Structure formats: C-alpha cells, structure tokens
2 protein chains.
Amino acid sequence: MRRRLLEEAARLLGEEGPSALSTRRLAREAGTSTMAVYTHFGGMPALVREIVAEGFRRLVDRVAAVPVTDDPVRDLTAVATAYREHARADPQIYAVMFGSASLGGYRLHDEELDVGLAAFGQLVDVVRRGMDAGRLRRDDPAAVAGQFWSALHGYVSLELSGFHLVVEDPESQLLWPMLAHLLEGLSDDAHRSGR
Amino acid sequence: MRRRLLEEAARLLGEEGPSALSTRRLAREAGTSTMAVYTHFGGMPALVREIVAEGFRRLVDRVAAVPVTDDPVRDLTAVATAYREHARADPQIYAVMFGSASLGGYRLHDEELDVGLAAFGQLVDVVRRGMDAGRLRRDDPAAVAGQFWSALHGYVSLELSGFHLVVEDPESQLLWPMLAHLLEGLSDDAHRSGR
DNA sequence: GTCGAGATATAACACCGTTATAGGAGATGT
DNA sequence: ACATCTCCTATAACGGTGTTATATCTCGAC
C-alpha cells in the first residue's frame with residue numbers, strides 16, 4: 001500500500017501537476033481512504049518528501065549511468081545531458097525538488113538534502129578527474145562543480161519556466177555555449193594554449 | 001481598495017509564504033470580503049499575476065538604477081548584484097516569478113512575460129555595449145545575455161533553495177567565480193591576450 | 001480461541017476557491 | 001428632489017481541501 005500510494009502520487013504530480021495531488025484524490029485513486037496517507041507517512045508533506053528523495057535517487061542513477069571516458073570534459077557535457085533529461089522527464093518533480101515554492105506546506109528537509117548532495121558528489125568526482133587530467137585548472141573541485149551545477153540548473157530551470165525562449169534555439173544558443181564558455185574559463189591555460 | 005489588496009497580498013506572500021495567501025485571509029487582512037478579489041481581479045490567479053508583473057517592474061527599476069560606467073564588464077557584475085538583491089529582497093515573489101510550480105493554479109501569462117522580457121532587454125544592452133567596447137567576443141547579444149542570465153538565475157535559485165551550501169562561502173566560491181569564468185570564456189581573445 | 005496491534009473506514013472540524021444573490025453607496029438624468 | 005442605474009460590497013452556499021478522532025476490521029501471536 002505504501003508503494004502504491006507513492007507510485008500514484010508521483011503519477012498524479014507528473015501528469016496533472018501539484019494541484020491534482022490532494023489527500024482525498026490520491027486516496028480515491030489508490031483505492032483506499034485518506035487515513036492511509038497518515039498511517040504510512042504521517043501527512044501529505046512527508047509523502048512529498050519521499051517523492052523528492054526518490055527523485056534525487058533517480059537523478060543519481062541517471063548520472064551514474066553516464067559512461068566514464070578518458071575525456072573528463074566530454075564526460076561533463078554527458079552529465080549535463082543526463083541532468084537535463086532527468087528534469088525534462090519529470091518537470092513537476094524537478095520543480096518541487098528545487099522550487100522554494102512550497103507544495104502544500106512542504107519544505108526541504110535534511111534527509112532529502114543528503115540525497116541531493118550525493119548527486120552533487122558525482123559531479124564533484126567528474127570535475128576532479130578533469131583537474132587530474134590537466135584539462136581543468138586546479139581549484140577546489142566542489143566550488144568548480146558548484147559553478148557548473150548553478151549554470152546548468154539555471155538553464156534547466158528557465159527552460160521549465162518557458163523563459164528560455166528569449167532566443168530561437170535555446171539548446172544550441174544558450175545551454176551548450178554557456179557550458180562551453182564556462183569550461184573555457186575553467187580550463188587549464190597551459191592545456192588551452194598548447195592545443 | 002485594489003491597491004490595498006495588492007499591497008496586503010504582497011506582504012502576506014513575502015512574510016508568511018504562498019500558503020498564507022488565500023482569498024479569505026487576504027480579504028480579512030484587508031478589511032473587506034472575498035468578493036473584492038473577484039470584482040477587482042476576477043480571481044486569485046489574476047491577482048498573483050499582477051504581483052508577478054509588479055515584481056518584474058521592480059526588477060527593471062533596480063537594474064535601470066545600476067550606473068553605466070565605461071567598463072561594461074564591471075557593469076555586468078553590478079547588474080548581477082542588483083539582480084541578486086532583488087531576489088533576496090522578496091524571495092517568495094521571485095520563486096513565484098520563475099517557479100514553474102503553480103501557486104493556486106497560477107500560470108505564466110503573456111503580459112508578465114513581456115515585462116520579464118523588458119528586464120532581459122536591459123541585460124542585452126549591457127552585453128552589446130561590452131561587444132562594442134571590444135571586451136566581449138562579437139556574437140548574438142541576446143544569446144550571450146541569455147547565457148549570463150541562466151547562470152545568474154541558477155545561482156540565485158539554488159541560493160533561495162538552500163542548495164548553495166555545498167561550499168562554505170557560496171558568494172565568493174560560486175557566484176563570482178562562475179560569472180568571472182563565464183565572462184572569461186566570452187571575452188574577446190585579442191583583448192585577453194593583450195592584457 | 002482469544003487477545004492485541006496495526007491498518008482501515010467513517011464522520012467531523014475548520015479552512016479553501018468560487019459563485020449566486022441580495023443589499024448599499026454614489027453618480028447621473030430628469 | 002426624486003428616481004434610476006451602475007458599481008461595489010456583504011452574506012451565504014457549494015464542493016473541495018488537510019487533518020483528527022473514533023470506530024471497525026483484519027490478522028498474527030500466544
């Protein structure tokens with residue numbers, strides 16, 4: 001029953017948006033009563049937290065599935081693709097993950113934040129490999145990964161909001177050039193001049 | 001009365017978050033009945049749209065107040081500061097502006113999108129000045145401004161979500177280095193090598 | 001077979017957005 | 001001055017929401 005509720009909740013959230021995710025609607029859809037939500041989760045916000053945590057787990061899986069090549073910079077763009085695909089696969093869930101806008105009084109908690117940091121750790125690893133390979137200037141890998149993430153999340157967020165349409169072909173005019181320019185600024189000068 | 005409702009709604013949204021912004025609560029707070037919301041705006045979503053539009057107008061004003069110097073790149077960072085300060089001054093309103101998460105069935109409309117594009121136009125102008133001055137590589141100014149905006153919005157969004165804490169001092173380790181590296185990647189090579 | 005614990009269903013409370021309806025205030029026309 | 005007409009307001013109602021208390025049920029342990 002627990003799983004059934006989670007599945008149905010994620011489906012409702014993904015298909016019809018946050019407003020469709022109500023205790024009663026969910027109970028009806030799952031063929032039970034509203035009490036199930038309280039006995040299994042303790043309330044709607046806690047259930048949403050579980051969905052968010054699951055969203056982060058799926059993000060981790062998706063990034064982990066990106067193959068590791070001998071070109072860390074190329075790997076970074078592959079991670080970016082995986083990240084964006086995750087957001088586009090479940091835009092509503094992504095919005096809840098990062099939208100400070102609350103969904104039914106939901107607020108980020110330590111548990112999900114930890115899962116989110118796990119995903120961030122993967123990115124830090126790729127960045128560190130880039131530094132070890134001499135492709136990125138040596139620096140704090142977490143800081144560099146954070147910069148990459150900020151830019152990537154910014155584009156994805158604007159894309160989901162519809163604001164990316166300030167240009168005709170956002171992916172080829174915004175996303176990839178932005179990451180390329182950022183990586184160029186982050187690149188190891190020696191490697192760049194030697195190329 | 002119209003203005004009174006808008007002021008009170010913005011106050012409630014800013015002080016207690018989206019969940020506090022209800023028709024009944026707002027009417028009570030403004031000393032009237034719920035009907036006022038419908039006679040003046042036609043419903044809660046339309047009222048939220050007005051608040052969002054006002055938010056964009058305030059953003060435009062804030063950016064317009066940034067002084068124009070003879071260093072367009074420095075101006076860009078000043079615009080970034082103004083942008084970030086706008087978001088931090090009213091985080092909830094910023095979240096509604098860009099959060100694809102709906103607030104009471106609210107959805108972005110053409111009218112507010114136009115006001116948002118006005119703000120974006122200011123940024124395009126600064127970027128174009130940077131190209132004219134030979135500080136930025138010549139390119140489509142809208143695309144470059146969009147890249148800058150994506151990165152900036154990404155950091156601000158993560159900051160409001162609380163995810164910027166992946167590093168100790170996010171502003172000095174994430175925001176400014178990210179923008180600096182992006183600008184370095186965008187800079188005119190001739191100017192850079194000549195420096 | 002009985003007992004006890006956990007999950008479920010029902011009903012209630014207060015709140016929500018929205019709408020229909022009735023009343024009031026103020027301007028306008030005669 | 002009076003009547004009318006329009007705009008705004010207040011009240012009440014409908015269906016929906018999250019949440020809680022209470023009662024029932026089911027099922028495993030002894």
Side-chain angles (χ1 to χ4, degrees), chain A residues 1-53 92-93 95-96 99-109 111-112, chain B residues 1-53 92-93 95-96 99-109 111-112:
Chain A
M1 189 77 249
R2 235 187 91 96
R3 187 156 43 196
R4 177 140 176 62
L5 281 174
L6 281 174
E7 286 172 5
E8 210 68 34
R11 189 184 63 81
L12 277 173
L13 186 57
E15 290 182 0
E16 303 187 38
S19 58
L21 186 54
S22 71
T23 316
R24 288 175 151 88
R25 171 82 187 276
L26 173 59
R28 194 184 338 134
E29 215 85 18
T32 179
S33 83
T34 63
M35 274 306 297
V37 174
Y38 291 88
T39 61
H40 288 290
F41 302 94
M44 204 60 190
L47 188 147
V48 173
R49 276 206 300 271
E50 296 244 10
I51 292 184
V52 168
Q92 308 278 10
I93 294 182
V96 177
S100 53
S102 54
L103 188 156
Y106 158 78
R107 201 86 189 92
L108 210 62
H109 225 272
E111 182 190 350
E112 313 82 61
Chain B
M1 187 79 249
R2 233 187 92 98
R3 185 157 45 194
R4 177 142 176 63
L5 281 173
L6 281 175
E7 285 173 6
E8 211 68 34
R11 191 185 62 81
L12 278 173
L13 187 58
E15 289 182 2
E16 303 187 39
S19 57
L21 187 53
S22 71
T23 316
R24 287 176 150 89
R25 172 83 187 275
L26 173 61
R28 194 182 340 131
E29 216 84 18
T32 179
S33 82
T34 63
M35 274 306 296
V37 174
Y38 291 87
T39 59
H40 287 290
F41 302 93
M44 204 60 188
L47 186 146
V48 173
R49 276 207 300 272
E50 296 244 10
I51 292 184
V52 168
Q92 307 279 9
I93 294 182
V96 177
S100 55
S102 53
L103 188 156
Y106 159 77
R107 202 86 189 94
L108 211 61
H109 226 270
E111 181 191 349
E112 312 83 61

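Please read all numbers here as calculations on a predicted model, not as lab measurements. In the text below, chain A, chain B and the rest are named by the order of the sequence lines, each starting its count at 1.
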Nearest whole angstrom, please: distance from the [atom2] of [N] to the [atom1] of [X].
{"X": "A:Phe41", "N": "D:dT20", "atom1": "CZ", "atom2": "P", "value": "16 Å"}
{"X": "B:Leu47", "N": "C:dT18", "atom1": "CG", "atom2": "P", "value": "11 Å"}
{"X": "B:Met44", "N": "C:dT19", "atom1": "CE", "atom2": "P", "value": "14 Å"}
{"X": "A:Arg28", "N": "C:dT10", "atom1": "CZ", "atom2": "P", "value": "14 Å"}
{"X": "B:Arg4", "N": "D:dT9", "atom1": "CZ", "atom2": "P", "value": "12 Å"}

Mind checking the [atom1]-[atom2] spacing from [X] to [Y]? Nearest 0.5 Å is all I need.
{"X": "A:Ile51", "Y": "A:Leu21", "atom1": "CD1", "atom2": "CG", "value": "6.0 Å"}
{"X": "A:Met44", "Y": "A:Leu26", "atom1": "CE", "atom2": "CG", "value": "5.5 Å"}
{"X": "A:Leu47", "Y": "A:Arg49", "atom1": "CG", "atom2": "CZ", "value": "10.0 Å"}

Among the nucleotides C:dC16, C:dT18, D:dT17, whichever has the atom closest to the side chain of A:Arg25 is D:dT17

Counting heavy atoms from C-beta on, name the nucleotide in C:dC13, C:dT18, D:dT20 closest to the side chain of A:Tyr38.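 Of C:dC13, C:dT18, D:dT20, D:dT20 is nearest to the side chain of A:Tyr38.
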
Non-neighbouring partners of A:Met1 that pass side chain to side chain contact (heavy atoms under 4.5 Å, CB included), sequence neighbours left out:
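Per chain and number, A:Met1 pairs via side chain to side chain contact (heavy atoms under 4.5 Å, CB included) with A:Arg4, A:Leu5, A:Ala30, A:Thr32, A:His40.
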
By salt bridge (Lys or Arg N to Asp or Glu O under 4.0 Å), B:Arg11 pairs with (sequence neighbours left out) B:Glu8, B:Glu15, B:Glu29

Filtered N/O pairs between nucleotides 3-9 of chain C and protein, under 3.5 Å:
residue	atom	partner	partner atom	Å
C:dT8	OP2	A:His40	NE2	3.0
C:dA9	OP2	A:Thr32	OG1	2.8
C:dA9	OP2	A:Ser33	N	2.8

- Message: Could you check whether any side-chain heavy atom of B:Val52 comes within less than 4.5 Å of a side-chain heavy atom of B:Ile93, counting everything from C-beta outward?
- Response: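 Not in contact.
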
What about A:Arg24, does its side chain sit under 3.5 Å from the base of D:dG16 through a donor-acceptor pair? no

Output yes when at least one side-chain N/O atom of A:Thr23 is less than 4.0 Å from OP1 or OP2 of D:dT17, else no. no

